[in-house]
Amino acid sequence: MSGQLLAFWALSFVILSGALYIVTTKNIMHAVFMHLLTMSMIAAIYGLLHADFMAAMQVLIYAGAVTAMVVFALMLTKSQSRPDGAGMAVDNQQRGASFLTAAGFLAVVIYVLVPQKWAVKETAPIVKSDVAAMGAIIFKSYILPFEIISVILLAALIGVIVLARKED
Amino acid sequence: MNAAMTNYYYVVAFAIVGGVFGGLLLTVARIMRPNKVNKTKLEAYECGMEPFEGNWTQYSARFYVFALVFLIFDVEIAFLYPWGTVFRDFGVTSLIEMFVFIGVLLLGLVYAWKKGVLKWL
Amino acid sequence: MAIARPFLIALALVIFVLSNIVFFMWAEFKISGRVADRLGPMETGRFHGWAQPLADILKFLNKEDIIPANADKLIFRVAPFVGFIPVVMVLAAIPYTNKIFVRDFDIAVFFVIALSSFTFVSMVMGGWASGNKYSLLGAFRAAGMLLSYELPLGLAIAGVVMLSATLSLIGIVQHQTVWNIVLQPIGFLVFMVAMQAELQRSPFDLAVAESELVAGYSVEYSGMRYAMFQLGEFFGLWALASMAVLLFLGGWHGPYLPGIVWFFIKFYGIFLFLAFSRVSVPRVRPDQLMDLGWKILLPSALVNIVITATLIVLVPHYQLPLAISEFAILIGALYLMRRVLK
């Protein structure tokens with residue numbers, strides 16, 4: 001087993017158990033910080049794939065910005081319970097619907113991924129880091145999705161402002 | 001090991017050294033320091049009295065809006081870097097593309113500004 | 001041996017930076033003392049109190065370590081490491097000359113920015129886990145502030161990236177036949193202001209404001225755990241000051257002297273600037289802080305990017321026009337601001 005493969009399995013183990021911890025813990029802040037760890041490990045997986053830029057982006061956006069956003073969002077909630085969530089249930093009356101949704105998503109993922117033919121190699125190909133190549137692809141072939149992203153971000157921004165104003 | 005793998009190896013090594021170094025500092029401190037805790041020392045810092053409410057209270061929605069505006073502009077910055085390395089190869093086209101992108105987000109910033117979201121509480 | 005090499009390099013670098021930090025601490029004591037018409041430390045070690053930082057470290061080691069009863073013990077212990085490990089990792093990306101560097105990352109600039117986002121996460125973790133209202137309030141202030149100033153910082157760096165068309169720090173320095181401070185004066189100014197906010201240093205230290213928030217997120221921390229937060233801040237100073245030198249001041253370029261000497265001359269120039277600005281500018285108010293970040297620095301950085309991009313694409317020899325227009329806009333804007341503020 002090569003070092004890369006070993007690292008991949010170790011990282012995957014941490015990511016999956018971290019994800020499991022996030023959904024099962026009652027302490028919501030622990031879930032947030034475990035989310036941080038999980039996201040950082042996913043960045044390491046990108047590193048193993050020689051996608052340096054994606055790895056850094058994962059850290060910047062998910063480990064940094066999204067964690068901050070989630071913490072602030074949690075602080076909006078009026079919590080009657082203690083922060084460690086003692087005495088709270090992990091699930092609620094929507095458990096049936098959420099189970100169906102999750103199962104449906106799993107089915108879609110299996111349907112898409114299993115018939116796929118993967119070009120599996122023992123080690124990642126030796127490529128020079130490709131920020132420029134990535135930029136060329138984004139700004140040449142995928143320019144429309146790129147511009148649509150900006151509109152979606154704008155919509156999210158306006159939406160949150162409208163909601164926040166209502167609460168004030 | 002190829003050059004890219006060596007880079008990652010270095011990053012991991014630096015992380016481990018950082019962690020071990022921090023742990024070492026704490027261990028040395030653990031050996032050197034006194035340890036006589038009592039109940040009063042373990043209270044949260046207040047003006048001498050027992051704090052009557054935990055720190056888990058509701059905060060203003062403004063912080064959340066801040067974080068979201070930040071997230072959105074962070075994504076923009078993340079796209080600016082690859083664009084910055086290639087834009088001169090595509091000339092005016094890439095210039096216009098980026099200005100549209102920045103312009104749309106700037107619209108959001110102006111909107112947030114006008115709505116008074118960027119004000120501190 | 002090849003396996004142990006990165007670890008040895010990392011350890012050597014950490015110790016080297018640490019010895020510089022000891023000097024920083026002493027220099028800051030002396031400078032802030034002299035500016036306030038005091039002598040600063042004079043007793044410890046006899047000669048101008050040179051041993052004062054060492055005595056401080058010894059004090060940190062001897063301090064009792066208290067974890068409050070209603071703290072979240074695990075997060076409380078982990079938070080200083082979350083702040084400290086990323087800034088050590090950043091050291092791997094910073095070159096000192098084109099010969100003396102650890103690794104030449106293709107995305108070095110982005111790597112540094114990405115890792116610096118762990119700083120506020122560690123503050124939120126420490127502040128929340130302390131189980132204290134002051135610390136949570138301080139952590140929230142710190143996070144809000146770091147968020148607001150990371151954007152102008154990143155945008156100012158983007159201007160430099162556009163000039164050199166690479167994210168490698170070595171590449172960026174090699175590209176600077178003219179120092180970027182001449183071509184990007186607006187970017188440099190934005191970077192220097194945003195950098196002080198990112199480092200939570202005194203005009204922008206309102207997250208740890210001793211007089212209001214009794215030290216903010218770190219109020220419940222004592223002894224070595226507290227020192228680790230401080231250490232992380234100093235390592236961050238090292239990283240950002242190096243970035244300022246590499247991105248804007250031509251890195252190791254300079255006549256006569258060897259590159260490494262030039263690097264550290266410029267580096268200590270930045271450090272002196274930080275030390276003096278800390279003691280000569282009063283602390284800003286939270287509302288001023290937000291206005292400065294979102295309404296002055298962010299638009300300025302965006303204007304900088306627009307000008308730079310337009311001139312690079314449209315004008316073949318863009319350097320002179322770029323420098324002239326940037327300085328013209330900068331002076332015009334400063335003049336206007338003075339008029340308005342009067």
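Everything numeric here is computed off the predicted structure, so don't read it as measured data. So you know, we letter chains A, B, ... as the sequences are listed, proteins then strands, and number each from 1.
Considering every non-hydrogen atom in both C:A79 and C:G126, the closest pair reads CB-N, 3.5 Å. Residues C:P6 and B:Y9 share a closest heavy-atom pair of CG-CE2, 3.5 Å. Taking both residues in full, the closest heavy atoms of B:A67 and C:L147 are given as CA-CD1, 3.9 Å, listed atom of the first, atom of the second, then distance. In terms of heavy-atom proximity, C:V82 sits nearest to C:P86 at O-CD, 3.0 Å. Looking at every heavy atom in both residues, B:R30 comes nearest to C:R77 through NH2-NH1, 4.1 Å.
Distance alone, capped at 3.5 Å, places no donor-acceptor pair between the C:Y318 side chain and the C:T308 backbone. Of the possible polar contacts, one joining the B:R88 side chain to the C:M162 backbone as a donor-acceptor pair under 3.5 Å is found.
Annotation: side chain of C:I9 is in contact with side chain of B:F14 (closest heavy-atom distance under 4.5 Å). In this structure, B:W113 and C:W294 have side chains that are not in contact, with every pair of non-hydrogen atoms separated by 4.5 Å or more. Using a 4.5 Å heavy-atom threshold, the side chains of C:K63 and C:Y226 count as separate. The shortest side-chain heavy-atom distance between C:I113 and C:L153 does not fall under the 4.5 Å cut-off. For the pair C:L163/C:L322, a side-chain contact is recorded, criterion being any heavy-atom separation below 4.5 Å from C-beta on. For the pair C:F105 and B:V11, the minimum side-chain heavy-atom distance is below 4.5 Å.
Residues meeting the ring-ring contact (aromatic ring centres under 6.0 Å, His included) test with B:F87, sequence neighbours left out: B:W83.
Expressed to the nearest 0.5 Å, how far OG of C:S117 lies from CD of C:E150 amounts to 5.5 Å. How far CE of C:M145 is from CE of C:M290: 8.0 Å, rounded to the nearest 0.5 Å. Of the inter-residue distances, the one linking C:S164 atom OG with C:L169 atom CG reads 9.5 Å to the nearest 0.5 angstrom. Going from atom CG of C:L61 over to atom NZ of C:K59 covers 11.5 Å, rounded to the nearest 0.5 Å. Taking CE of C:M224 as the reference point, atom OG1 of B:T27 lies at 10.5 Å (rounded to 0.5 Å).
The part of C:F111 that comes within reach of chain B is its side chain, from C-beta onward, which places non-hydrogen atoms under 4.5 angstrom from that chain. Only the side chain of C:F81 comes within less than 4.5 Å of a heavy atom in chain B; its backbone stays farther off. Residue C:M228 touches chain B through its side chain alone, counting heavy-atom pairs closer than 4.5 Å. In this structure, chain C has a heavy atom under 4.5 Å from the side chain of B:I16, while its backbone stays farther away. There is no contact between B:F90 and chain C, counting heavy-atom distances below 4.5 Å. For B:L26, the parts sitting under 4.5 Å from any heavy atom of chain C are the backbone and the side chain alike. Contacts between C:Y149 and chain B at a heavy-atom distance below 4.5 Å are absent for every atom of the residue. With a threshold of 4.5 angstrom between heavy atoms, C:V14 approaches chain B through side-chain atoms but not through N, CA, C or O. The parts of C:T310 that come within reach of chain B are both its backbone and its side chain, each placing non-hydrogen atoms under 4.5 angstrom from that chain. Interface residue C:I312: only side-chain heavy atoms are found under 4.5 Å from chain B. At a 4.5 Å heavy-atom cutoff, the contact between C:L18 and chain B is made by side-chain atoms alone.
Heavy-atom pairs under 4.5 Å with chain B were tallied for C:L151, C:I85, C:V161; the largest tally goes to C:L151. With respect to chain B, the highest number of heavy-atom pairs below 4.5 Å among C:T166, C:L91, C:V306 belongs to C:V306. By number of non-hydrogen pairs under 4.5 angstrom with chain B, the leading residue of C:D104, C:L231, C:I157 is C:I157.
Residues of residues 295-304 of chain C placed with any heavy atom under 4.5 Å of a heavy atom in chain B are listed by number as C:K295, C:L298, C:L302. Within residues 101-110 of chain B, the residues having any heavy atom under 4.5 Å from a heavy atom of chain C are, by residue number, B:I102, B:L106, B:L109. At a heavy-atom separation below 4.5 angstrom, chain C is approached by B:F73, B:D74, B:E76, B:I77, B:A78, B:L80, B:Y81 within residues 72-81 of chain B.
Between C:F229 and C:Y221, the two ring planes are perpendicular [angle over 60°; tilted spans 30° to 60°].
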